[in-house]
2 protein chains.
Amino acid sequence: MSVTIKDIAKVAGVAHSTVSRALNDSKSISDETKVRIRDIAMELGYSPNVSARSLVLDRSYNIGLFFTTMDKGTAVSFFYDVVRSVNKVIRDEYNLMVRGIDDYRHFHLISKKNFDGIVIMSQSKSDDAFITTVHERQIPMVVLNREVEMPVCNILINDRTGVFHATEYLIQNGHRKIGIIEGKEDFRSTQLRKQGYVDAHHHYDLPLYDGFAVRGDYSTESGYEAMMGLLERDVLPTAVFCSNDEMAMGAINAVSRKGLRIPEDISIMGYDDSMFAGYLTPRLTTVKRPVDEMGKKGAAKLLDLINDNRASGERYYMNVQIVERDSIRKL
Amino acid sequence: MSVTIKDIAKVAGVAHSTVSRALNDSKSISDETKVRIRDIAMELGYSPNVSARSLVLDRSYNIGLFFTTMDKGTAVSFFYDVVRSVNKVIRDEYNLMVRGIDDYRHFHLISKKNFDGIVIMSQSKSDDAFITTVHERQIPMVVLNREVEMPVCNILINDRTGVFHATEYLIQNGHRKIGIIEGKEDFRSTQLRKQGYVDAHHHYDLPLYDGFAVRGDYSTESGYEAMMGLLERDVLPTAVFCSNDEMAMGAINAVSRKGLRIPEDISIMGYDDSMFAGYLTPRLTTVKRPVDEMGKKGAAKLLDLINDNRASGERYYMNVQIVERDSIRKL
DNA sequence: CTGAAAGCGCTAACAT
DNA sequence: ATGTTAGCGCTTTCAG
C-alpha cells in the first residue's frame, strides 16, 4: 500500500492532522516540526492522494480542454498550439484533460466537481449543446475561437477583419479578380472568412465574380481539388485567397501540376501562418493568427474565473497580422 | 450544492446504497427500482463525483500521456497523432491528461493513486528519470517510440531498419554519394537513424564520405541551414536523406534557394510521411512511420496492463514503409 | 502550537 | 431486494 499522512503521523509521533498542516505549510505549525515531517514524508516517498484532497476541498484540480472533435477537421498545428499554450499557463496547479466533445455520448460527467474549469476550442455550432451544459452547470468556462451567444468569456480571433485585410492586401497589389477557397461547410470560421472577403470587395467597390468562390474543407487535399476546379474556368482569377494554409499548400500543388507558376501566373494567399508556410515553394504569403496568444489569454482568463467566480460575457479579440513572403505578385 | 446519491435516496425513499447499486447496475436491485432511481437521478441532474468514487475504488480513471517536452522538439503532426490515437482507444472509461515531463519540477504527484496508467511518448534519454520513477511506483506504463532498458512495455518504430531501407532505396536508385541531415543531438532517434544510414552503407560496401553527415535538430529551419552547409561543399551528394520531413522541407527550400532543382540536380528523401509531404514541390518521397498505430497499440497494451497487472518487458516493433513520390531521381 | 473528531461522496461488506 | 455501517485519505473546525 502507498503511504498516507497517517503513516507519516505514526512515524513522527504526531496526529495526522498535524501532518496535513505541516505539508500544507500552515502557519500554526512550528518550523521545527514542519521540517521534521517533510523529511519523513520525503523518506517514505509520500505522494498525496489527489482524489481524497479533491473530495474534501471540493475541487478537482482538473481543467478540461475540449476540441470540437479530435478526428478530422482540426488543423494539426492549431491543435498543438492550443494544447501547448494552455498547458503552459496552468502548468503547476492543474491537470489538463484533453478531449473531443464528440467523444462524449452524454454529458453527465461534466460537472463542477469534476472540472474546476473548462476551455473549449470551438470550431462548430454543434458545440453549442455542450457549451450550454457547461454554462448551466456553472463551471468556469472560456470559449476560444468561435463566437457564441451565451454570456460566456469568449476569446476570438478577428477572422472577418483578418480576411478583410488579407483581401485588401491583394487588392492593393493590383488584383481585381480574386478567388477564394472556403473552409469546411458548417464551421463558423468558414462563414466569417468568406464575409471578410466579401466585405473587402464591397469596400473597394469590386464585383464578385461568379464561381470564384469554391468550397474546401480545410484539408490539404480539398485545397488541391478546389484549386483544380478553379483552374478549369475560362476566366482565371489573378489571385486566390485560401481560408487556411493547408489548403493553400494543396492549391500551390495544383497550380504547379497544371504547369503554371506562382506568383507569375497566379498569386496565392494563405491564412494561419502555419509552421510550414515559410518553407513551401514559393514561400507562402499568409496571415498570422495568434493561436498561441489566444490559448494563453484563454487559460489566464479561466484561472481568473476560477479564483473569482463572476459570470462574465466578456469578449476579447486578438488581431491578425499579414506575413509577406513570395507567393503574391504585384500587378 | 450539487446533487449527490443521498439526495436521490431521499427523494426515492430508499437508502443511498441502493441508489449507488442502482446507478451501477448491480444485479441485486430490481429492475423496477433501477428505472425509478435513474429517472430521479436524471431529473435532478445528478452527476457522479469522480473524486469520491476514485477514493473508495482506489483508482483515478486518469491516464497520463507524457511527452518529453511540450515545447520545441516535438514534431507537430507527431503530437497530434499520438494524442488522437491514444484518446480514441481509451475513450470512454478514462480521462487523458496530457503533459510535458519537463513541466514537473518534482514527481511527487506521480503515483498509482493519481494515475491508473501512463503512456510516455519518449524522445530523449532525459526521460529516464521519469520512467524510472513511474516504474518504481509500479504504475502501469507503456513507453512509446524510444527503447528503454528497464523491463517495461515498449512500443517502437523500427527506425534503424527503417532508415536502412530508405538508404537502400537510394542506393538501388543508383545513388552512391548520399548525405544525411541528422536530428537533435541527444535524441535516441537521431542516433538510430544515423545507424541505419551507416548500416546500409556497410551492407552495400559503400564508403561514407566525410562531411556528408550534417547536424540538424528536427526543425524546418535546421534542415534549411544544414542543407545550405551541405551545398557549400566541393563534392556534392547526389541524394540527401533527411531524418524527418520537416527538415526535408527546409532542405528543399535551401536547394531551390541555391538555384538547383529537385530531383534533377539533387534527390531528397524524407522520413515520417507527415501530412504535408505529398504537397511539397516536388512531392516528397519519404518513409511512413505508423505513429497512429503506435499510439493505438500502446494504449491498448496499457489497458491490458491495468486490468491484469503483470509487469512485462515486452517490445513491439512497428514497421515503416517507403512512400514513393517525386523527389528522388533514378540515376 | 497540536490533537481529536467530523465529514466530503461514494462503494461494499454485512445484515436482514 | 434493500438498509446499515464502516471507511477510502484528506482538511478543518473546535478544544486544549
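All values below come from the heavy atoms of this structure, side chains included, with hydrogens, waters and symmetry mates left out. Proteins come first, then strands; the chains are lettered A, B, ... in the order of their sequence lines, and each starts at number 1.
- Between Ile155(B) and Gly298(B) the shortest heavy-atom distance is CG1-CA, 3.9 Å.
- Among the protein residues, Thr33(B) comes within range of the sugar-phosphate backbone only, with heavy atoms under 4.0 Å from sugar or phosphate atoms but none that close to a base.
- Residue Asp58(B) contributes atom CG, which lies 7 Å from atom P of dG9(D) at whole-angstrom precision.
- The nearest whole Å value for the distance from the NZ atom in Lys6(A) to the P atom in dG3(C) is 15 Å.
- A salt bridge between Lys88(A) and Asp103(B) is absent, with no side-chain N of the basic residue lying under 4.0 Å from a carboxylate O of the acidic one.
- Atom-to-atom, CZ of Arg59(A) to C1' of dG9(D) comes out at 18 Å; the value is rounded to the nearest Å.
- For the side chain to side chain donor-acceptor pair (under 3.5 Å) criterion with Arg146(B), the lone passing option out of Thr68(B), Asp159(B), Asp128(B) is Asp128(B).
- For the pair Arg53(B) and dG9(C), the criterion of a side-chain N or O lying under 4.0 Å from OP1 or OP2 is not met.
- The distance between atom CG of Asn49(A) and atom P of dC8(D), rounded to the nearest whole Å, is 12 Å.
- When the C1' atom of dC10(D) is taken as reference, atom NZ of Lys113(A) falls 15 Å away, rounded to whole Å.
- Within the 4.5 Å cutoff, side-chain heavy atoms of Val98(B) are placed close to those of Phe67(B).
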Using the 3.5 Å cut-off, write out each protein N or O paired with an N or O of nucleotides 3-5 of chain D and the distance between them.
unit_1 : atom_1 : unit_2   : atom_2 : d
dG3(D) : OP2    : Ala15(B) : N      : 2.7
dG3(D) : OP2    : Thr18(B) : OG1    : 2.4
dG3(D) : N7     : Arg21(B) : NH2    : 2.7
dG3(D) : O6     : Arg21(B) : NH1    : 3.0
dG3(D) : O6     : Arg21(B) : NH2    : 3.0
dT4(D) : O4     : Ser17(B) : OG     : 3.1

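- For the pair Arg59(B) and Tyr61(B), the cation sits on the ring face: its NZ or CZ lies under 6.0 Å from the ring centre, inside 45° of the axis.
- Comparing the end axes of the helix from dC1(C)-dG16(D) to dT16(C)-dA1(D), each fitted to five base pairs by superposing C1' atoms of four pairs onto the next four, gives an inter-axis angle of 40° (nearest 10 degrees).
- Across all strands shown, Ser20(B) has heavy atoms under 4.0 Å from base atoms, whether or not it also approaches the sugar-phosphate.
- Among the atoms of the strands shown, base atoms are found under 4.0 Å from some heavy atom of Ile5(A).
- Between the CG atom of Leu57(A) and the P atom of dG7(C) there is a distance of 17 Å, given to the nearest Å.
- Checked against a 6.0 Å centroid threshold, the rings of Tyr218(A) and Phe78(A) do not count as neighbours.
- Aromatic ring centroids of Tyr80(B) and Tyr80(A) lie 6.0 Å or more apart.
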For this session: Please test Asn114(A) against Ser60(A) for side chain to side chain donor-acceptor pair (under 3.5 Å), starting from the C-alpha separation and ending with a verdict.
Result: CA-CA 5 Å; Asn114(A) 301 336; Ser60(A) 62; over 6 Å; no
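- We find that CG of Asp25(A) is positioned 13 Å from P of dT2(C), with the value rounded to whole Å.
- Between Lys34(A) and Asp25(A) a salt bridge is recorded (basic side-chain N to carboxylate O distance below 4.0 Å).
- Atom NZ of Lys10(B) is separated from atom P of dC10(C) by 13 Å (rounded to the nearest Å).
- Using a 4.0 Å heavy-atom distance criterion, Ser51(A) is classed as making no nucleic acid contact.
- For Tyr46(B), whose side chain is taken as the heavy atoms from C-beta onward, the closest listed nucleotide among dC10(C), dC8(D), dT12(D) is dC10(C).
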